[in-house]
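Counting convention: from 1, in listed order, for ligands and their atoms alike.
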Amino acid sequence: MIGKLNHIAIAVTDLEKATAIYRDTLGASVSEPTDLPSHGVTTVFVELPNTKIELLQPYGDNSPITGFLKKNNDGGIHHVCYEVDDIHSSSAKLVAAGARVLGDGQPKTGAHGKPVLFLHPKDFCGTLVELEQA
Ligand code: CO
């Protein structure tokens with residue numbers, strides 16, 4: 001069902017510093033920061049030859065990553081995103097297999113303007129999984 005690794009998301013408290021680490025220390029090409037108020041995050045994408053790293057910093061007071069950063073003061077890997085061909089049929093198969101889809105279970109528009117949904121970390125080896133329709 002899952003295809004390519006679309007990105008790995010890393011939550012950070014200081015987006016400027018994290019961007020500088022990827023750009024200057026690691027020599028990667030990085031995007032400008034983008035505020036996504038509806039997702040409660042500001043993102044920077046690091047472009048790698050085979051995938052992307054998504055740097056996430058909380059945006060606003062009700063960011064979904066604030067709790068994660070309270071537990072992980074230095075930041076850390078927040079989720080992995082796999083591509084699927086059809087998000088509705090993938091979701092239906094996963095729910096039938098007993099997996100929990102977060103939120104209202106319906107895909108939302110993600111950071112790349114494509115439909116995404118998130119799967120409960122307890123059902124996937126302790127890792128928050130994002131599915132994106134490629
Ligand atoms: Co993501």
Residue pair H79 / E54, side-chain donor-acceptor N/O under 3.5 Å
yes
Minimum-distance pair of heavy atoms, taken over all atoms of G76 and F68
O-CE2, 3.6 Å
What's within reach of the Co ion (ligand 1), meaning protein N/O/S atoms under 2.8 Å?
H7 NE2, E54 OE1, H79 NE2, E130 OE1
Contacts of type salt bridge (charged side-chain N to carboxylate O under 4.0 Å, His left out), residue D35, not counting sequence neighbours:
none
Check I87 against P107 and note the closest heavy-atom contact, atom names and distance.
CG2-CG, 3.7 Å
Go through the side-chain N and O atoms of Q133 and H88 and say whether any donor and acceptor fall under 3.5 Å apart.
no
Nearest heavy-atom approach of L94 to L119 is CD1-CD1, 3.8 Å
